[in-house]
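Following: one structure in structure tokens, then a few remarks.
We name chains A, B, ... by the order of the sequence lines, and we start the count at 1 in each one.
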2 protein chains.
Amino acid sequence: MTTPGRTKTVGRISRAEQARATKAKLASAALDLFAKQGFAATSTRQIAETAGVSEGLIFHHYPTKLDLLLGVTSHHEVFGLKVRALMTDSKGVPVRGQLEALAQTFVSTLAPERKETMLVRVLLSEALTTPELGKLLHRTRETVIASIESYLQARIDEEELRSDLDPSVAAQGLLGALVWFFLTHQHLNPRAWRAQSRRYAQRLVDLWLRGALAEPRLSSSGSKVRRGASE
Amino acid sequence: MTTPGRTKTVGRISRAEQARATKAKLASAALDLFAKQGFAATSTRQIAETAGVSEGLIFHHYPTKLDLLLGVTSHHEVFGLKVRALMTDSKGVPVRGQLEALAQTFVSTLAPERKETMLVRVLLSEALTTPELGKLLHRTRETVIASIESYLQARIDEEELRSDLDPSVAAQGLLGALVWFFLTHQHLNPRAWRAQSRRYAQRLVDLWLRGALAEPRLSSSGSKVRRGASE
DNA sequence: GTCTATATGTTGATAGAC
DNA sequence: GTCTATCAACATATAGAC
């Protein structure tokens with residue numbers, strides 16, 4: 001009906017919406033490729049092809065290739081908030097349960113072959129040489145640590161955790177143990193991954209809570225507390 | 001007669017020795033540059049310039065740029081052995097001391113601004129996209145885990161550690177907590193690094209050994225065991 | 001063994017028509 | 001906003017003289 005080329009709206013989509021759509025398509029394609037091949041190894045040409053647009057168009061939406069990565073990243077910057085929300089709302093949940101939930105968040109977030117997981121790996125890798133990214137990662141890391149830390153402090157105040165526990169060390173140790181495991185087991189297939197990571201997460205929390213030392217032999221025997229069964 | 005193919009010694013250095021020297025010079029220059037800028041961001045031209053030889057010569061000694069990285073890497077592949085040696089010889093040392101020694105090894109090995117540290121970071125990063133490197137890292141990681149694990153198993157057998165402790169999880173958790181900390185604190189200057197990492201290492205080992213839980217209130221009060229003082 | 005010169009390809013980014 | 005055409009720079013790797 002309307003003459004094409006003349007009007008700003010084609011059907012129900014305005015030019016601006018169309019633009020936003022292509023921009024998103026570019027971001028999505030870039031994410032896929034970065035995750036698969038890394039940042040440096042992915043060319044703008046390839047991104048354009050995957051997105052189904054011309055190469056020059058990329059630079060209209062993103063002035064530089066790095067901006068593309070940053071755009072993609074900011075879009076997925078939710079992880080820190082997720083953890084913070086989880087650790088903040090902890091009414092009545094026992095420590096063990098709460099920490100297992102935290103670990104579970106990592107299990108489901110950093111599962112192999114998930115887009116976000118691969119993005120995280122690319123970011124960690126690229127942050128080495130791109131200071132801007134390094135700072136960004138550093139900030140989210142600190143956010144996560146801080147939420148865990150303040151949660152732990154609350155539990156210390158309520159005498160559920162040792163009074164001489166260093167919450168900062170405890171938080172960082174736990175986070176490190178989780179992240180490192182998940183990062184080094186990406187080669188597993190999803191089934192094996194789920195099984196192993198759940199088992200690891202649960203036992204790690206147990207270790208973290210109870211420690212590794214053998215219990216000093218006390219007078220009475222058989223007084224050992226059986227651990228909560230389940231799973 | 002002076003056989004052209006036979007001798008060729010200039011002064012006291014043979015041609016072969018000269019060649020080995022330049023090859024080493026190339027490896028050293030490559031290591032420096034890779035550590036500083038990453039693998040992909042370092043050009044063969046730059047390496048040649050730094051080493052003070054022509055660019056073409058690189059490919060005489062190393063068929064491809066990746067071979068250069070692998071060469072550099074294999075040269076520094078001693079870390080796994082270091083840990084193994086440390087954990088194997090543990091006569092009479094108490095668990096806490098032994099684990100603190102292990103942590104200390106990480107502190108001194110992964111200090112910031114050390115060449116090896118930066119190489120490790122580059123390798124971790126590059127392993128993402130280069131399968132060959134990924135396998136290599138995976139193997140050394142397993143070596144390290146295995147030595148720690150078998151040490152822990154021995155301590156379990158001698159009832160110094162909990163009988164229901166999972167040595168694999170314990171080893172991986174400890175390693176992860178250490179590596180992750182050191183990798184995420186590279187921005188610190190050497191002084192701050194030493195202070196913080198020592199403190200972290202010590203408290204982490206303590207946490208790992210004793211756990212985080214508050215001691216259940218027993219009948220008698222004041223019976224809490226004071227922690228070993230020192231440092 | 002080492003150099004110079006060059007092949008061959010790709011890269012990120014720009015200019016201008018539509 | 002999108003495309004086509006093209007840029008200069010730089011990449012890794014090779015060939016052949018010395």
note = Testing C:dG1, C:dA13, D:dT12 for proximity to the side chain of B:T44, the answer is D:dT12
message = Rounding to an integer number of Å, can you tell me how far B:H61 NE2 sits from D:dT12 C1'?
response = 17 Å
ask   = Rounded to the Å, how far apart are A:L26 CG and C:dG12 P?
value = 14 Å
ask   = Between C:dG12, C:dG1, D:dT2, which one does the side chain of A:S43 approach most closely?
value = C:dG12
key: Length of the line joining B:R20:CZ and C:dT2:P, which is rounded to integer Å   = 12 Å
query = What is the distance from CG of A:L69 to C1' of C:dG12, rounded to the nearest Å?
reply = 15 Å
query = Which atom names give the shortest non-hydrogen contact between A:G80 and A:V144, and what distance separates them?
reply = CA-CG2, 3.9 Å
B:E113 (side chain) donor-acceptor with B:Q186 (main chain) under 3.5 angstrom = no
request  = Determine: side-chain N/O of A:T22 to OP1/OP2 of D:dG1, distance under 4.0 Å, yes or no.
outcome  = no
Residue of the set B:F106, B:Y200, B:F182 for which ring-ring contact (aromatic ring centres under 6.0 Å, His included) holds with B:W193 = B:F182
query = Is the shortest side-chain N/O distance from B:H60 to OP1 or OP2 of C:dC3 below 4.0 Å?
reply = no
inquiry  = Could you tell me if B:S168 and B:Q172 have a donor-acceptor pair between their side chains, going purely by distance under 3.5 Å?
reply    = yes
query = Donor-acceptor pair, B:K65 side chain versus B:T42 backbone, under 3.5 Å?
reply = yes
Donor-acceptor under 3.5 Å (B:R96 side chain, B:V205 main chain) = no
query = Quantified as the angle between the terminal helix axes (five pairs each), what is the overall bend of the helix from C:dG1-D:dC18 to C:dC18-D:dG1 to 10 degrees?
reply = 0°
remark   = In short, B:A127 meets B:L137 closest at the heavy-atom pair CB-CD1, 3.7 Å
ask   = Ignoring hydrogens and geometry, is there a side-chain-to-backbone donor-acceptor pair from B:K115 to B:S28 under 3.5 Å?
value = no
ask   = Do the side-chain N or O atoms of A:T64 get closer than 4.0 angstrom to the phosphate oxygens (OP1, OP2) of C:dG12?
value = no
query = Has B:R45 got a side-chain N or O lying under 4.0 Å from the OP1 or OP2 atom of D:dA11?
reply = yes
query = To the nearest angstrom, how far is A:L33 atom CG from C:dG12 atom C1'?
reply = 16 Å
Donor-acceptor side-chain pairing of B:K82 and B:T105 below 3.5 angstrom = no
ask   = Just how far, in rounded Å, is C1' of C:dT2 from CD of B:Q18?
value = 10 Å
task = Starting from P on D:dG1, measure out to CD on A:E17 and report it in whole angstrom.
result = 12 Å
query = Between atom NZ in A:K23 and atom P in D:dT2, what is the gap in whole Å?
reply = 11 Å
inquiry  = Give the residues of residues 47-59 of chain A touching DNA chain D, defined as any heavy atom closer than 4.0 Å, sorted by residue number.
reply    = A:V53, A:S54, A:L57
